[in-house]
Amino acid sequence: MPRLQADADPSTWVAVTGSLGLRGRRHRKAAIRMLLSQGSRMMGGAGRPNGVLAWAISQAAPLMMRRADGRLLVWVWKDDPELLVVMAQLQDLTPQLRAARAMMPIEYDDTESFRGAYLGMGERLVIDLPPQPATPPFATYTWDTGAHLVTVTAVSGDRERFRTVLGAADALARSVRIIDDLRVGETTGVLRLDPA
């Protein structure tokens, strides 16, 4: 089954994916708190998330991501987890997904070309100053491989500092790739050489 992999610099990023138990718990909770407060502001709330809800989601998130089996990867900014959260997602490119992408708002047409190290040419959309003050700044990176859609989304909790960390989000998005386990039938009399 295809899944995602990336080269996230451990001095910059903390991986939320696979951080069960106490490992990464503080960063995971801070990132979820930031996303919940941004969601609350977008819905017209005060922007203060329920602490119990943030804790419950932070406990369930690693298990849900583990069930995604590598099709969903999440990182948070190491120095300030509430500053930046990056999520990479791999989806099967169905006709319904193509139709949903075609019906996105006109603001999503302002993409620019973006080259990934492994996925080739894709698109990047940066909305650093959304028209509504409650909407958080974000950047999305997308690659259409024909069979799959790879999407990397970076969401920030701080409009003023978003551009200062965008370069690190670009570098992380460039390193995303699809990997797959393929079974190779072995027959007698055939010598297989490991790649040099």
Side-chain angles (χ1 to χ4, degrees), residues 1-39 49 51 54-91 114-128 136-143 145 148-181 194-196:
M1 178 176 195
R3 58 192 183 277
L4 293 175
Q5 193 173 50
D7 302 322
D9 182 358
S11 66
T12 305
W13 302 101
V14 173
V16 175
T17 311
S19 63
L20 284 170
L22 297 176
R23 199 170 128 243
R25 183 179 60 133
R26 181 175 60 87
H27 287 84
R28 187 171 64 236
K29 274 177 57 179
I32 289 169
R33 191 170 42 248
M34 183 270 285
L35 292 173
L36 287 175
S37 69
Q38 294 293 347
W55 176 84
I57 293 174
S58 76
Q59 298 304 306
L63 297 173
M64 289 186 289
M65 282 185 268
R66 181 174 278 181
R67 289 192 68 193
D69 197 23
R71 295 173 76 89
L72 179 69
L73 304 175
V74 180
W75 302 270
V76 297
W77 190 253
K78 186 172 187 175
D79 294 337
D80 184 359
E82 294 190 26
L83 174 60
L84 190 63
V85 177
V86 177
M87 179 179 74
Q89 184 177 15
L90 176 68
Q91 297 172 286
F114 183 83
R115 179 168 291 283
Y118 303 98
L119 295 172
M121 192 58 74
E123 296 177 336
R124 179 179 85 153
L125 172 69
V126 177
I127 306 286
D128 54 348
F138 67 93
T140 60
Y141 311 80
T142 54
W143 289 271
T145 68
H148 298 94
L149 180 71
V150 178
T151 308
V152 178
T153 306
V155 180
S156 177
D158 189 336
R159 283 179 175 236
E160 286 76 30
R161 294 192 294 158
F162 178 60
R163 279 280 179 183
T164 65
V165 293
L166 188 58
D170 286 351
L172 180 57
R174 276 191 187 92
S175 74
V176 172
R177 59 194 171 273
I178 299 174
I179 59 172
D180 202 350
D181 295 328
D194 291 332

Distance check, rounded to the nearest 0.5 Å: Met121 atom CE versus Phe114 atom CZ?
10.0 Å
Between Ala88 and Trp75 the two heavy atoms that sit nearest each other are CB-CZ3, 4.0 Å
Just how far is it from atom CD of Gln89 to atom OG1 of Thr142, taken to the nearest 0.5 Å?
12.0 Å
Do Thr12 and Lys78 have side chains that get closer than 4.5 Å, going by heavy atoms?
no
Could you tell me the separation between the CG atom of Leu73 and the CZ atom of Arg71, rounded to the nearest 0.5 Å?
11.5 Å
Is any side-chain heavy atom of Tyr141 closer than 4.5 Å to one of Val86?
no
Short side-chain to backbone donor-acceptor contact, Arg177 and Ser175, under 3.5 Å
yes
Would you say Leu4 and Ile178 make side-chain contact, with heavy atoms under 4.5 Å?
yes
To check you understand the geometry: which heavy-atom pair defines the closest contact between Pro136 and Ser156, and what is its length?
CB-O, 3.4 Å
Find out whether Trp13 and Leu84 are in side-chain contact, i.e. whether some heavy atom of one side chain is under 4.5 Å from a heavy atom of the other.
yes
Considering only heavy atoms from C-beta outward, does the side chain of Leu90 approach that of Pro2 to under 4.5 Å?
yes
Exactly one candidate in Val155, Val126, Leu83 meets side-chain contact (heavy atoms from CB on, under 4.5 Å) with Phe162; the answer is Val126
Might you point out which heavy atoms bring Trp77 and Ala168 nearest each other, and give the distance in Å?
CZ3-CB, 3.4 Å
Are Val152 and Leu172 close enough, and set up right, to give a side-chain contact (heavy atoms from CB on, under 4.5 Å), and what steps lead you there?
CA-CA 9 Å; Val152 178; Leu172 180 57; 5.9 Å; no
